[in-house]
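Quick caveat, the model's predicted, so the values are computed rather than measured.
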Amino acid sequence: MSEMDETEGTEGAGVPVAPHRVIGTPPPSPRLLGSTAAPREPSAGEVALVSDEEEFEEHLEGLPPDDPQVIVHGKRAEQVVAACFTLAFLAGCGFVAAYVGLGVHTVDKTVRSNLWLGVSLSITLLALGLGVLVWVRHLMPNVEVTQERHDLRSPEEERQATEAYFKEGTANSQFVKRPLVRRTLMLGTLPLLAAPIVLLRDLGPQPGTSLRHTVWSPGRRLLVQGINQPITPAQFSAPGSMITIVPDGYEDDQDALAKAAVILIKFRPGELHIPTRRQGGTLVGTMNWTVDNIVAYSKICTHVGCPVALYEQTTHHILCPCHQSTFDAPTGATVIFGPATRPLPQLPLTTDSQGYLVAQSDFTEPVGPSFWERG
Amino acid sequence: MSRPTDNSDTDFDVSKPLKGTAGWFDDRFGGARGVRTYLLRKVYPDHWTFLLGEIALYSFIILLLTGTFLSFFFVPSTNEVLYHGSYMKLDGIKMSEAYASTLRISFDVRGGLLIRQIHHWAADLFMAALIIHMLRVFFTGAYRKPREVNWLIGILLFSLALIEGLFGYSLPDDQLSGAGLRIFEGVLQGIPIVGTYLAFFLFGGPFPGHDIVPRMYMLHILLIPGILLALITAHIFIMFWQKHTQMPGKGITERNVVGQPSYPYFVAKTSAWFIFIFGALALLATFAQINPVWLYGPYTPVAISSASQPDFYLGILEGALRMMPAWEWNFLGHTITFSVLIPFALPLTIILGGAAFWPFFERWATGDKSYHHVNDRPRNAPVRTGIGMAAVVFYGVLWVEGANDVVADFLQIPLYTVTWISRVLVIVGPIVAYFITKRVCLGLQRKDREELLHGYETGIIRQLPHGEFIEVHKPVNEDKRAVLEAKKVHALMPGPGAEDPNGVPAPSSRGMLGRARALANRAFAESIPVEADGHGNGHGPEGAGEEHAAVGSAGGSPAQLPSGDSSDEDAGSS
């Protein structure tokens, strides 16, 4: 302890100030209650206070507490702290008042209530924090303490004693000696360990083939999303437009729509060139799935299932806003950029006796993201 | 501890309640000594970077408080209701009870909007603080022995917090969070063999179903916070037991802790810090709108808005999904979608797995098995700092790519170009960052050596009697010297294929692994030695003084500055 003081004392006199200050550290201001950056009085600088059995060294920095400068400074700091706490009290009262006095239930009132509640709460908290901070920094003496670290590793003899005791206990338990007991114990607990997994089985149904089908079926009408009205090819005659379609009877069924949502695009004559593609081993000419240059694709992205909601009329590109998979609409929604690996499935279209657009059948391949069993 | 006070007559006498209440407890539990030694007097070192972990801790506490309030009003159900609340724009719209109750919290519960926004801001602050805290621990080497376990707990905390955040902001069932859930479900489906079942069991059937919101709610308010709380307790207890690391400095050794005692200093400071963080979050919640779910509308799988982004901490996954080129295999009737699997698994595995693996790799490569309580300055560990910067760049590229549409719009360059740039950068960037950082670190080490050997430039020009001008250098002060001298250099292990004088290969460098280890060791040991070459003993205060005397005394000038007049010299230079 005394050795520490000595070194501190001799160096304290002439410690050259560092060439530059680290950002965020306090400037070498004349802090009365001491700061490590400020030059210190060598004689009164360190006061030995406590040193006891816990190898605990403490020294106080700055001027002694009975110095007149310190007393004046302390008085002023005390006033600042008290002002902060008083402000916190007033703002806290304001918070309660704002809660009682300002109602909600409309957007404007909510905005007003949020503003006053928030401002008063913020002021309360920040004033309290500031008060405590000034208190610590200007009223409490600046103490620096040096404490010994204890050895984390146990002494060797302790380790050996523990090991010996554990060995003895293990021997006494007969756990090692009697393999029959040991093995049947393990056998007995094994099914129990599986129980939590078994119990989770009823969390959901087996997938089965549900990912392969949607609610589209032959003759089901296409409804325009939003107005939920069927549509004829003549009503959808402006080339270059795209609308979202939901299946008749499932307009509000989120589970059905998550797979069955469709986009409908109208082309000028001659623009549409859907190539014949191989599907399930057979060649499918999907041009005859279109009606009057109108084509229907699944709206569910084949990447991870976002709705492909953006359509660029000039380039005929369908874009998924989530991860920017880009599909070329005239050529069967083939992927031209992005992480999607497969074209958007095409819904076979036809018209019913009343001239409305209907599905010829369900999609002929699973819609949406890939899955292990998809094949 | 007793201390003289200036006005003892107004003192509040603390001995009464102490004897009463504390005595009552000590009668029953004992522990006066333990409380004094381990709680009241525990020493906390002071450094601004040590506040980062506290930010994380306190935002977690604020999350618990505000979350409890929200749970009084939130209804975790996707049953459809017709909305007739205070937000007129959505009047008469069909929506889930979850969304409707979130609107109710926002517009019909006094203070609800404020608490909701504090909760969301606190979640973002929690994640940000975790990230910066982990960076601090990594770059200063504070994860080294004996703190590896706490480092691993920290990584676990971060991973769980990611899931906690995802579930939390998916709960309101608005259009934006629903799109996030849809992506989450699509990614789950992409996992080979078990993916489809995982998705069906979690969602209780095909997406979206009606089970996911209540299930996420339970996980979000009970299971994951419970585990987080347990892990945080363990994290703090271990930190408490092993004591804090310290930055190098004067009087700091591997055997001591220098700082302020817990009571009253640290307790007061950290309380102020907690209140400040709460205040800052309240201020943000008042003036910075976050997650205005009423603008997004209720979720429907048919619609989406453009420029949809998740909360920032999931940006890396979003970016990885956007960056990945299309790649899918079909074999034996099964599908493996690498364009989903790789973005889902690889970046986080590289960063979190790499972080978990790193302390053990470093130990293996350096052969350093000693305790470390004094932190490294990042420049003094160029390989670690380089790897850390590589990880930062890797994360950063993926994160920015997560908003590639916004970037493309902002910089007015085509979207696909942004993606292509990021595809290149995500591989090239980290490599370049590693080498640049390593060189910068070594350069800074050279500067440190210069400063230690020759002092720093004072800006004072002196003319020597024979006409030569010199700039006066002054030795660095004690504090700085202690910091500079704290650098440790790793001992070199035998090189690859090294042999002893008898031609026997060193056992440690044998085999493939041994050669790899020897190579890694060479990289780790690269350092600028402090006591070097030709400068003789430019070490220690006296040595440095002589050095300057030698420079200055060529013409007998007083270039060696006595330390006494340091203050006015310093004033002249500034």
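- Proximity to chain A is absent for every atom of B:Ala199, based on heavy atoms less than 4.5 angstrom apart.
- Listed for the B:Arg322 side chain is a donor-acceptor partner under 3.5 Å among the backbone atoms of A:Cys322.
- For a residue to count as touching a neighbouring chain, one of its non-hydrogen atoms must lie under 4.5 Å from one of that chain's; by this rule B:Lys94 touches chain A with the side chain only.
- A donor-acceptor distance shorter than 3.5 angstrom exists from the side chain of A:Lys299 to the backbone of B:Val302, with no hydrogens or angles considered.
- Proximity to chain A is limited to the side chain of B:Ile336, based on heavy atoms less than 4.5 angstrom apart.
- The main-chain N or O of A:Val143 is found under 3.5 Å from a side-chain atom of B:Gln260 such that the two form a donor-acceptor pair.
- By number of non-hydrogen pairs under 4.5 angstrom with chain B, the leading residue of A:Asp252, A:Thr110, A:Leu319 is A:Thr110.
- With a 4.5 Å cut-off on non-hydrogen atoms, B:Pro325 touches chain A through its backbone but not through its side chain.
- Between B:Leu114 and A:Phe95, the shortest heavy-atom contact is CD2-CE1, 4.5 Å.
- Contact annotation for B:Asp108: both backbone and side-chain heavy atoms come within less than 4.5 Å of a heavy atom of chain A.
- Distance check: A:Glu373 CD to B:Ile193 CD1 gives 10.0 Å after rounding to the nearest 0.5 Å.
- Only the backbone of B:Val109 has a heavy atom closer than 4.5 Å to any heavy atom of chain A.
- For chain A, the nearby part of B:Trp420 is the side chain; its heavy atoms alone come within less than 4.5 Å.
- In the model, A:Gln324 has no side-chain atom that pairs as donor or acceptor with a side-chain atom of B:Thr419 under 3.5 Å.
- With a 4.5 Å cut-off on non-hydrogen atoms, B:Thr78 does not touch chain A at all.
- If you measure heavy-atom distances from B:Phe274 to chain A, you find no contacts under 4.5 Å at all.
- Take A:Cys320 and apply the disulfide bond (SG atoms under 2.5 Å apart) test, not counting sequence neighbours, and it matches no residue.
- Counting only heavy atoms from C-beta outward, the side chains of B:Pro206 and A:Asp255 never approach each other to under 4.5 Å.
- Counting only heavy atoms from C-beta outward, the side chains of A:Arg149 and B:Gln242 never approach each other to under 4.5 Å.
- The candidate from B:Thr253, B:Asp46, B:Val257 with the greatest count of non-hydrogen atom pairs under 4.5 Å with chain A is B:Val257.
- In terms of heavy-atom pairs under 4.5 angstrom with chain B, the leader among A:Arg153, A:Lys109, A:His150, A:Arg342 is A:His150.
- Using a 4.5 Å cut-off between heavy atoms, B:Arg215 touches chain A through its side chain atoms alone.
- With a 4.5 angstrom heavy-atom cutoff, B:Trp327 touches chain A only via backbone atoms.
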